[in-house]
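Bear in mind the structure is a predicted one, so any value in this text is a computation, not a measurement. Read the numbers this way: they start at 1 and go in the same order the structure lists the ligands and their atoms. Values below: all heavy atoms of this structure, side chains included; hydrogens, waters and symmetry mates excluded.
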Amino acid sequence: MDYFRVILGFMTTIFPSELISYLRASTRVAVLTGAGVSQESGLRTFRDAQVGIWAQYKPEDLATPQAFERNPRLVWDFYTTRREGAGQTEPNAGHLALVELERRFAQFSLITQNIDGLHQRAGSRTLIELHGNLRRIRCSQGCGILAEWVELPESVPTCPKCGAPLRPDVIWFGEQLPPAELEAAIKAVNTCQAFFSIGTSGLVQPAASLAFAARSRGAVLVEINYDPTPLTEHADYAFHGKSGEILPDLVKALEE
Ligand code: APR
C-alpha cells in the first residue's frame, strides 16, 4: 500500500503513474462518500461534536427510532437544524470533481452515506443514497407516504393516510438500509475495477464493509480521507488530506 500524506493547501497531490494508468484503462468505478466530503462546504462531519443546544446530545441519541418514539418534536428539531444547515451551504470542489469523474467512466456509481443532498445539487446522477436524504419526509409507520420536506408546522406533521407522525426520510441507528439502494451498492461493488472510499471514518456498517468487499473481489482500493481510518492499511493507495483538494487534482491528473 502506498501512503501519501498530501501537504495541505499549497501542493498538488502526487498520484503514482501506475494508479493513473490503471484508472485511465478502467471503465467501472465505484465511490463511497461520507460526511468528510461535505466538510469543506461548511457542514460538520457526523462525529464532529455537535454545537449549540445539540452539544448536550450525541447524534446516536437523536438518530434512532426510540428517540423519535420518545420525543418526535426533538428529533424533528434536530433534523430541521441539519436541513437548514445543508440548505445554507453549496457543493464544494470535491463534489464537483466527483461529477467530472462520473462523466469520465462508463460505469460510475456514487454510493453516499450523506443525507445533505449536496451530491445531487452538484449534479451527480448515478447516486445511491444508503442513509436517505434530508430533503424528503415519509410516514413513520411505513404506509409509503413520501414527500418533499415541508416547513415544520407547529406540531409534528402526521401522515394523511394513517395519521402516524411523519419523519425525515433518513436511516437511523439500528434500522435496515433501504433494500433497493443496498442491492445497487453491492452490484456496484461486485463489478467495479476501482473503489474509492472518500471522507468517511469507515466506522458504520454495512457501508464500511463495501470497500473490503470490493478489495476482496480484486478492485483497486483508494482511500481519500483527512485522517487515517481502519481501512487505510488495507487500501492500495491512501491519500490523507482534504477531498476538496485531492479530487480536483485527480481529475486533472487523469486529463493530462
Ligand atoms: N476531506 C476529507 N476527509 C475529511 C475532511 C475533508 N475535508 N474533513 C473530515 N474528513 C474525514 C474525517 O477524518 C473522518 O474520518 O471525514 C470522516 C468523517 O467521518 P464521520 O464523521 O464518522 O462521518 P461518516 O464516516 O460519514 O459517518 C458514517 O455514520 O453515524 C452514521 O449515518 C451516519 O452517515 C453517517 C455514518
Side-chain angles (χ1 to χ4, degrees), residues 3-9 11 13 31-51 54 57-68 75 78-79 82-83 85-86 89-98 110-119 122 127-134 136 167-178 181-182 185 196-212 222-235 237-250:
Y3 176 90
F4 298 82
R5 175 82 216 170
V6 177
I7 311 297
L8 304 179
M11 194 175 138
T13 315
V31 173
L32 172 71
T33 62
V37 165
S38 297
Q39 188 269 340
E40 288 157 84
S41 294
L43 286 181
R44 313 183 76 74
T45 66
F46 201 82
R47 279 165 189 80
D48 272 353
Q50 301 296 336
V51 290
W54 305 110
Y57 302 96
K58 287 206 308 300
E60 289 80 347
D61 297 336
L62 290 163
T64 65
Q66 294 74 14
F68 187 74
V75 173
F78 174 58
Y79 281 96
R82 292 187 66 187
R83 174 181 172 271
T89 61
E90 293 301 324
N92 63 59
H95 293 105
L96 299 174
L98 285 166
L110 178 48
I111 306 162
T112 188
Q113 301 171 93
N114 298 342
I115 61 175
D116 55 36
L118 286 175
H119 283 307
L127 203 49
I128 300 170
E129 294 180 310
L130 281 187
H131 293 174
N133 188 313
L134 260 182
R136 292 190 304 265
R167 57 171 278 183
D169 184 27
V170 297
I171 302 301
W172 285 332
F173 287 97
E175 291 189 314
Q176 296 298 314
L177 295 191
E181 282 76 9
L182 185 55
F196 288 81
S197 178
I198 307 175
T200 180
S201 55
L203 296 176
V204 171
Q205 295 300 350
S209 57
L210 296 175
F212 292 98
V222 183
E223 179 178 59
I224 296 174
N225 200 63
Y226 195 78
D227 301 303
T229 72
L231 184 67
T232 302
E233 60 181 312
H234 302 278
Y237 303 92
F239 300 90
H240 290 159
K242 294 185 173 185
S243 51
E245 293 169 3
I246 297 170
L247 284 168
D249 287 348
L250 175 61

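Taking only nitrogen or oxygen atoms, main chain and side chain alike, K242 does not reach within less than 3.5 Å of ligand 1. Residue-to-ligand polar distances keep N114 apart from ligand 1: every N/O pair is separated by 3.5 Å or more. Below 3.5 Å of separation, one finds an N or O of D227 facing an N or O of ligand 1. Looking at F173 next to ligand 1, no N or O pair under 3.5 Å apart turns up.
Using a 4.0 angstrom heavy-atom cutoff, A208 does not count as in contact with ligand 1. The shortest heavy-atom distance from L203 to ligand 1 is not under 4.0 Å.
Taking every heavy atom of E40 and a limit of under 4.0 angstrom, the matching atoms of ligand 1 come to 1 (N), 6 (C), 7 (N). Atom numbering of ligand 1 starts at 1 in the shown order; those under 4.0 Å from a heavy atom of G199 are 3 (N), 16 (O), 17 (C), 18 (C). For ligand 1, the atoms sitting less than 4.0 Å from at least one non-hydrogen atom of G34 are 26 (O), numbered in the order shown with element in parentheses. Within ligand 1, counting atoms from 1 as listed, the ones closer than 4.0 Å to a heavy atom of N225 are 3 (N), 11 (C), 12 (C), 13 (O), 14 (C), 15 (O), 16 (O), 17 (C). With ligand atoms numbered from 1 in the order given, ligand 1 contributes 32 (O), 34 (O), 35 (C), 36 (C) to contacts under 4.0 Å with heavy atoms of H131. Atom numbering of ligand 1 starts at 1 in the shown order; those under 4.0 Å from a heavy atom of Q39 are 6 (C), 7 (N), 8 (N). Short contacts between ligand 1 and G241, defined as distances under 4.0 Å to a heavy atom of the residue, involve ligand atoms 1 (N), 2 (C). Annotation for ligand 1: atoms under 4.0 Å from non-hydrogen atoms of Y226 are 2 (C), 3 (N), 4 (C), 5 (C), 10 (N), 13 (O).
Here the straight-line distance linking atom CG of L250 with atom CD1 of I224 works out to 6.0 Å at 0.5 Å rounding. Here H119 contributes atom NE2 and S38 contributes atom OG; the two are 6.0 Å apart, rounded to the nearest 0.5 Å. The distance from atom CZ of F78 to atom CZ of F68, rounded to the nearest 0.5 Å, is 14.0 Å.
Note: F212 and H234 have perpendicular aromatic rings, judged against thresholds of 30 and 60 degrees for the angle between ring planes.
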task = Any chance you could lay out the side chain to side chain contact (heavy atoms under 4.5 Å, CB included) test for T229 and E223, step after step, and finish with the verdict?
result = CA-CA 9 Å; T229 72; E223 179 178 59; 2.4 Å; yes
request  = Decide ring pair (Phe, Tyr, Trp, His ring centres under 6.0 Å) for Y226 and H240; before the verdict, give the C-alpha distance in whole Å, the side-chain angles of both, and the deciding distance to 0.1 Å.
outcome  = CA-CA 5 Å; Y226 195 78; H240 290 159; 9.1 Å; no
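Shown are I198, I128, L127; of these, the side-chain contact (heavy atoms from CB on, under 4.5 Å) with T112 is made only by L127.
At a heavy-atom cutoff of 4.0 Å, ligand 1 is contacted by both the backbone and the side chain of T200.
A heavy-atom distance below 4.5 Å is not found between the side chains of L247 and F196. Using a 4.5 Å heavy-atom cutoff, the side chains of L210 and L130 are in contact.
Counting only N and O atoms by type, the side chains of T200 and Q113 include a donor and acceptor under 3.5 Å apart.
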